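Taking it in order: structure first as structure tokens, then the write-up.
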Amino acid sequence: MPRYDAKPIEARWQQYWETHQTFRTEGPVPGKEKLYVLDMFPYPSGSGLHVGHPEGYTATDIVCRYARMKGKNVLHPMGWDAFGLPAEEHAVKTGTHPRITTEQNIDTFRRQLKMLGFSYDWSRELSTTDPAYYRWTQWIFLQIFETWYDATHEWTGPDGVHRRGKGRPIAELPIPPDVAAQGTEAIRRYQDRHRLAYVSEAPVNWCPALGTVLANEEIIDGRSERGSHPVVRLPLKQWMLRITAYADRLAEELEDLKWPESIKYMQRNWIGRSSGAEVDFSVQVDSSVEKQLKDWQGKRASLGFPAEPEPGVIRIYTTRPDTLFGVTYMVLAPEHPLVSSITTDSQRSQVEDYIRRSSLKSDLDRTDLAKEKSGVFTGGYAINPVNGQSVPIWIADYVLISYGTGAIMAVPGHDERDYAFAKAFDIPIVQVVAPVPGDKSSIAADLENSAYTELGIAVNSGAYDGMKTDEFKAKITRDLTESGLGREAVNYRLRDWLFSRQRYWGEPFPIWHELDDQGNPTGLMRTDAIDSLPVLHPHMEDFKPTGTPEPMLAKATPEWLFRTDSDGVKLKRETNSMPQWAGSCWYYLRFCDNLNSECFIDPEKEKYWLPVDLYIGGAEHAVLHLLYSRFWHKVLFDRGYLSHSEPFQKLVNQGMILGENGEKMSKSRGNVINPDDIVREYGADSLRLYEMFMGPLEQVKPWQSTGVEGVYRFLGRVWRLMIDERAETMTLLESVVDAEPTTEQLRVLHKTIKAVTDDIDRLAFNTAISRMMEFTNFMSGQELRSRSVLEQFIRLLSPFAPHISEELWHVLGHEETLAWEPWPQYDPALLIEDTVEVPVQINGKVRSRIVVSATCDAAELQAAAQADDVVQKNLEGKSIVKVVSVPGRMVNFVVR
RNA sequence: GGCCGAGUGGCGGAAUAGGCAGACGCACGGGACUUAAAAUCCCGGGUUCCGUUAAGGAGCGUACGGGUUCAAGUCCCGUCUCGGCUACCA
């Protein structure tokens with residue numbers, strides 16, 4: 001078989017790696033530098049691998065094989081993110097248990113990945129659906145449950161960084177005396193309100209088609225991210241994780257990570273920190289506005305700003321307290337608790353009607369109405385605390401109950417949304433900010449046509465007139481704080497993470513609810529004992545959704561659902577399950593120590609392997625997986641289980657591979673490329689090489705079938721560089737000799753070593769392959785090929801095309817794998833050429849080229865250029881104004 | 001609407017520090033080998049014009065219009081197009 005035939009070669013070497021355990025990684029090796037390179041592990045879908053998977057996987061595999069040859073201790077694992085809806089939907093259709101489907105799919109994925117020759121340490125393989133794995137997912141949940149966030153705690157972590165704010169054990173939560181006085185039950189409820197995992201009853205996104213509630217992050221344009229089904233809002237008791245407690249740290253600690261700026265930017269936006277002030281407005285009770293305001297102000301001056309506003313007071317949040325004098329109305333979210341008490345009898349029916357309509361609206365409807373503002377006047381008025389003006393109170397669904405305080409002061413002169421609303425309902429517009437006089441860059445205020453949202457100086461603002469926006473903000477915030485009417489405040493766009501789902505195929509919660517004598521939940525909870533984990537799924541035959549927000553697990557047998565604790569208290573199991581994100585939040589930790597049954601990760605292994613040095617995956621996980629993981633990581637860090645505060649040092653997003661027609665690959669477009677077909681026809685090495693040769697890793701690029709043939713031909717040329725195709729058996733060509741290489745051969749080799757090494761370091765695999773093609777083209781033209789030169793080249797090729805490289809290495813006379821051979825070093829002295837060709841320009845245009853010694857200086861170069869015939873002809877009759885001579889680069893004569 | 005990224009031959013792309021634009025590959029054309037084909041090997045190529053169809057030469061070329069510079073795909077200003085993200089967060 002002397003012709004290059006990928007199939008038997010690839011099968012043979014995959015077998016060799018497996019039987020020799022070539023890529024098995026040993027734990028911490030003191031003194032040996034580690035490299036942890038991670039792929040975003042796949043969801044093993046029924047349709048198998050698509051060509052997008054091997055893109056990132058090949059890139060990491062090249063980095064790993066290269067790093068091993070450079071002597072690093074490399075951790076390169078693979079596993080399965082295998083909980084999730086498709087397996088359960090399949091169970092609904094066919095009755096097959098999701099575990100069976102999942103295992104079949106994993107087998108397919110594993111077979112396909114092994115077929116591509118990736119150097120994973122398969123002994124570290126894990127699946128999120130394995131009870132030995134999700135035992136620890138449940139354990140981590142309990143750690144989060146047993147943690148509260150102390151925002152004022154100052155401390156220095158094991159990383160030596162001083163921080164303010166820490167997740168601490170719930171037992172350390174200070175209990176206020178009045179709560180303590182009410183006894184243990186009150187204390188337990190108080191603690192429950194402060195845990196990082198808590199139950200809340202709030203409007204949530206219920207997706208009837210998927211039979212589950214969804215997190216905000218899983219909703220796009222009012223529809224489910226998966227399947228694009230409609231979503232409605234329902235008030236339901238749900239588990240929430242207090243990610244907002246970590247909002248500041250999640251935003252700030254992005255800074256030093258080597259991530260794409262766009263991803264950092266998206267995370268910061270998602271967190272959406274804004275700072276401003278909370279201000280209280282008293283609702284007007286009768287016509288004696290002045291007296292009411294004075295009394296209330298007097299009370300506030302002595303008592304200060306209360307934690308919760310007293311009845312009849314509306315608390316608002318604003319980023320522009322400097323526009324307080326421009327308030328002409330206020331808006332409450334339709335769900336705001338004060339709405340019904342403020343509404344006058346004459347407005348009540350209209351208000352109630354509006355509330356009903358907006359509660360039925362899905363988020364999609366609300367978005368559609370973005371262009372046209374809707375709202376209803378409540379009939380009530382509030383008193384502006386800074387100028388005593390009476391302002392009407394409206395309700396409108398452009399104010400969200402879930403952000404800030406659910407109420408705003410409306411300043412139509414200086415806020416676009418308020419402006420649109422005021423125009424629609426004929427509400428007065430007052431200007432309180434003017435452009436800075438004499439500042440040419442500032443835009444003129446034109447309140448006839450639009451709101452003026454720029455910064456400027458204050459007008460119509462009483463004693464504050466003439467102040468710059470920034471000073472004004474600081475000053476009035478101070479003044480409001482002193483008079484007990486307001487305070488500085490920070491808000492986040494980020495909401496707490498809705499953590500429960502109603503599906504079967506997810507991790508059960510290790511939580512029990514206490515029941516009273518009638519069998520009703522008391523609201524108090526107990527946890528499963530750590531040593532009793534994991535909580536396994538109940539056996540079920542019927543996977544049809546309940547059709548209601550009642551979770552699937554509620555259909556389990558009573559044996560699973562109920563028990564009586566040792567103190568006689570009856571308990572019912574939590575029947576929600578965890579979202580798919582749970583398992584993927586910490587899998588990178590488990591890879592370091594996947595068989596440990598004592599703890600989720602051995603601290604020594606964590607210290608050695610973490611953080612992940614290189615993490616490659618799709619950009620679609622910019623704000624979901626990557627934010628959730630960082631959050632869990634920080635909680636575990638605060639609780640002392642981890643020694644690094646960030647999980648992923650360097651992140652790279654591979655670009656999507658499009659179909660041959662330049663469109664996104666999809667079954668419906670009929671442009672899907674199946675990796676199995678490519679491997680069958682050309683082999684895994686060609687697929688790997690082509691995916692890397694297509695273009696820069698991070699770029700979106702279309703598939704070209706003929707391109708695969710191109711790299712396949714290249715491998716054929718490499719093969720023929722040393723193998724005699726006409727021989728019956730594997731025989732080296734006679735031109736492969738043990739002789740000394742020529743200086744030119746040496747120079748080309750060492751240039752190639754340098755280029756390929758540098759290119760791998762910056763993940764520029766496409767140009768690395770180009771350089772190896774150039775080497776091959778050159779060597780093909782050489783009659784005698786030095787064995788040592790070829791051997792060094794094969795090492796360069798091996799991370800990209802490992803199978804053919806092993807085979808050629810073997811034919812060159814080596815018994816062992818080349819996976820551990822040292823990476824070639826280049827000799828800078830050999831890179832230097834004796835002569836160089838240098839272009840000569842006249843007035844910036846290339847007129848000639850001269851060949852000079854590589855070491856000649858600027859003056860010698862100029863002299864050589866001037867001696868050139870063509871140059872002389874061009875210089876004839878002209879006067880030289882200037883000469884630019886850059887040694888080794890070019891000469892330019894500026895003439896007139 | 002806002003923010004980010006990108007526009008280079010017929011196609012994918014290269015040019016790391018402002019210094020020969022188009023490396024490498026695909027597709028295409030020509031040739032060699034062959035009875036023939038496949039495979040392989042060699043050669044060619046941005047574009048317009050001048051030159052007898054040749055050798056050779058001149059001009060124009062990195063989305064478009066300006067600018068800086070001896071020199072711009074690369075830096076600056078403006079415009080257009082495409083892609084991604086985001087969209088009532090007060």
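This one's a predicted model, so the numbers in the text were calculated from it and none came from an experiment. Side chains are part of it too, since the values below use all heavy atoms of this structure and drop only hydrogens, waters and symmetry mates. Labels below follow one simple rule: chain letters A, B, ... track the order of the sequence lines, proteins then strands, and each chain is numbered from 1.
- Base pairing analysis places B:G7 opposite B:C80; the two distances defining the Watson-Crick or G-U wobble pair are each below 3.5 Å.
- When the nucleotides B:C70, B:A14, B:G19 are ranked by their closest atom to the side chain of A:Val886, B:G19 comes out on top.
- Contact of the A:Lys258 side chain with the A:Leu651 side chain is not registered, since no non-hydrogen atoms from C-beta on lie closer than 4.5 Å.
- Between A:Arg713 and the phosphate of B:A27, there is a side-chain N or O to OP1/OP2 separation shorter than 4.0 Å.
- When heavy atoms are screened at a 4.0 angstrom cut-off, A:Glu725 is found touching no nucleic acid atom at all.
- In this structure, of B:G13, B:G19, B:C42, it is B:G13 that holds the atom nearest to the side chain of A:Lys701.
- Each of A:Asn843 and A:Tyr690 was assigned the nucleotide of RNA chain B with the nearest heavy atom; the assignment lying further toward the 5' end belongs to A:Tyr690.
- Listed pair A:Gln841 / B:C70 fails the phosphate criterion, with no side-chain N or O lying under 4.0 Å from OP1 or OP2.
- For the 3.5 Å distance criterion, the side chains of A:Thr752 and A:Tyr826 fail to qualify, holding no donor opposite an acceptor.
- When each of B:C20, B:A14, B:C26 is scored by its nearest atom to the side-chain atoms of A:Thr706, the top-ranked nucleotide is B:C26.
- Rounded to the nearest Å, the gap between the P atom of B:C11 and that of B:U68 is 34 Å.
- Residue A:Asp470 holds its CG atom at 6.0 Å from NZ of A:Lys473, rounded to the nearest 0.5 Å.
- Comparing B:U86 with B:A71, their P atoms sit 45 Å apart, to the nearest whole Å.
- Comparing the same atom, C1', in B:U62 and in B:A14 gives a spacing of 12 Å after rounding to whole Å.
- Closest to the A:Asn892 side chain, of the nucleotides B:C70, B:A21, B:C11, is B:C70.
- Taking atom C1' on both nucleotides, B:A39 is separated from B:A32 by 14 Å, rounded to a whole Å.
- Atom NZ of A:Lys423 is surrounded by more than 12 heavy atoms from other residues, nucleotides or ligands within 6.0 Å.
- In the set B:C70, B:G25, B:A90, B:A90 carries the atom at the smallest distance from any side-chain atom of A:Thr318.
- Note on A:Val884: a base of the nucleic acid sits closer than 4.0 angstrom, heavy atoms only.
- Contact of the A:Pro385 side chain with the A:Phe281 side chain is registered, since non-hydrogen atoms from C-beta on lie closer than 4.5 Å.
- Considering only the side chain of A:Glu837, B:C20 comes nearest among B:G12, B:C20, B:A23.
- Rounded to whole Å, the distance from CG on A:Asn269 to C1' on B:G84 is 14 Å.
- Closest to the A:Asn777 side chain, of the nucleotides B:C20, B:G25, B:C41, is B:G25.
- The nucleotide B:U47 finds its pairing partner in B:G59, both defining distances of the Watson-Crick or G-U wobble pair being shorter than 3.5 Å.
- Distances shown here put every side-chain N or O of A:Tyr265 at or beyond 4.0 Å from the OP1 or OP2 atom of B:C4.
- When the nucleotides B:C24, B:G25, B:C60 are ranked by their closest atom to the side chain of A:Ser770, B:C24 comes out on top.
- When heavy atoms are screened at a 4.0 angstrom cut-off, A:Ser274 is found touching the sugar-phosphate backbone but no base atom.
- A 3.5 Å limit on both hydrogen-bonding distances identifies B:A32 as the Watson-Crick or G-U partner of B:U40.
- When both distances must be under 3.5 Å, the Watson-Crick or G-U wobble mate of B:G18 does not exist.
- Closest to the side chain of A:Ser262, out of B:C4, B:C24, B:U40, is B:C4.
- Partner of A:Glu55 under the side-chain contact (heavy atoms from CB on, under 4.5 Å) criterion, out of A:Met656, A:Arg688, A:Met694, A:Lys701: A:Lys701 alone.
- Distance CZ (A:Phe778) to P (B:A23): 19 Å, rounded to an integer number of Å.
- For B:A27 and B:G44, the C1' atoms lie 14 Å apart once the distance is rounded to whole Å.
- Look at CE on A:Met692: it is 14 Å from P on B:A14, rounded to the nearest Å.
- For B:A87, one of the phosphate oxygens OP1 or OP2 lies less than 4.0 angstrom from a side-chain nitrogen or oxygen of A:Arg493.
- Candidate nucleotides B:C24, B:C85, B:A90 were compared by shortest atom distance to the side chain of A:Met266, and B:C85 ranks first.
- Screening A:Phe714, A:Tyr712, A:Tyr682 for a ring-ring contact (aromatic ring centres under 6.0 Å, His included) involving A:Tyr4 leaves a single residue, A:Tyr712.
- We find that CZ of A:Phe893 is positioned 17 Å from P of B:C70, with the value rounded to whole Å.
- In this structure, B:G9 is classed as syn because its glycosidic torsion stays within 90° of zero.
- A:Asp758 comes within contact range of no nucleotide atom at all, as no heavy-atom separation falls under 4.0 Å.
- Rounded to a whole Å, the CD1 atom of A:Ile769 is 15 Å from the C1' atom of B:C26.
- Projected onto RNA chain B by closest heavy-atom contact, A:Arg847 and A:Gly406 fall at different nucleotides, the more 5' of which corresponds to A:Arg847.
- Under the 3.5 Å distance criterion, with hydrogens and angles disregarded, no donor-acceptor pair is assigned to the side chains of A:Arg720 and A:Ser780.
- Of the possible polar contacts, one joining the A:Asp496 side chain to the A:Thr244 backbone as a donor-acceptor pair under 3.5 Å is found.
- Taking atom CH2 on A:Trp270 and atom C1' on B:G2, their separation rounds to 16 Å, with Å as the unit.
- We find that OH of A:Tyr398 is positioned 13 Å from P of B:A90, with the value rounded to whole Å.
- For the C1' atom pair drawn from B:C28 and B:U16, the interatomic distance equals 32 Å after rounding to whole Å.
- Across all strands, A:Lys264 comes closer than 4.0 Å to no nucleic acid atom at all (heavy-atom distances).
- Comparing the P positions of B:A36 and B:G25 gives a spacing of 29 Å, expressed to the nearest Å.
- B:G13 sits 33 Å from B:G31 when the P atoms are compared, rounded to a whole Å.
- Atoms CZ (A:Arg889) and P (B:C20) sit 7 Å apart, rounded to a whole Å.
- The residue A:Asp418 sits apart from the nucleic acid: no heavy atom pair falls under 4.0 Å.
- Among the protein residues, A:Arg771 comes within range of no part of the nucleic acid, since none of its heavy atoms lies under 4.0 Å from any strand.
- Among the heavy atoms of the strands lying under 4.0 Å from A:Met890 is at least one base atom, whether or not backbone atoms are also near.
- Residue-level contact check: A:Phe693 touches the bases, meaning some heavy atom is under 4.0 Å from a base atom.
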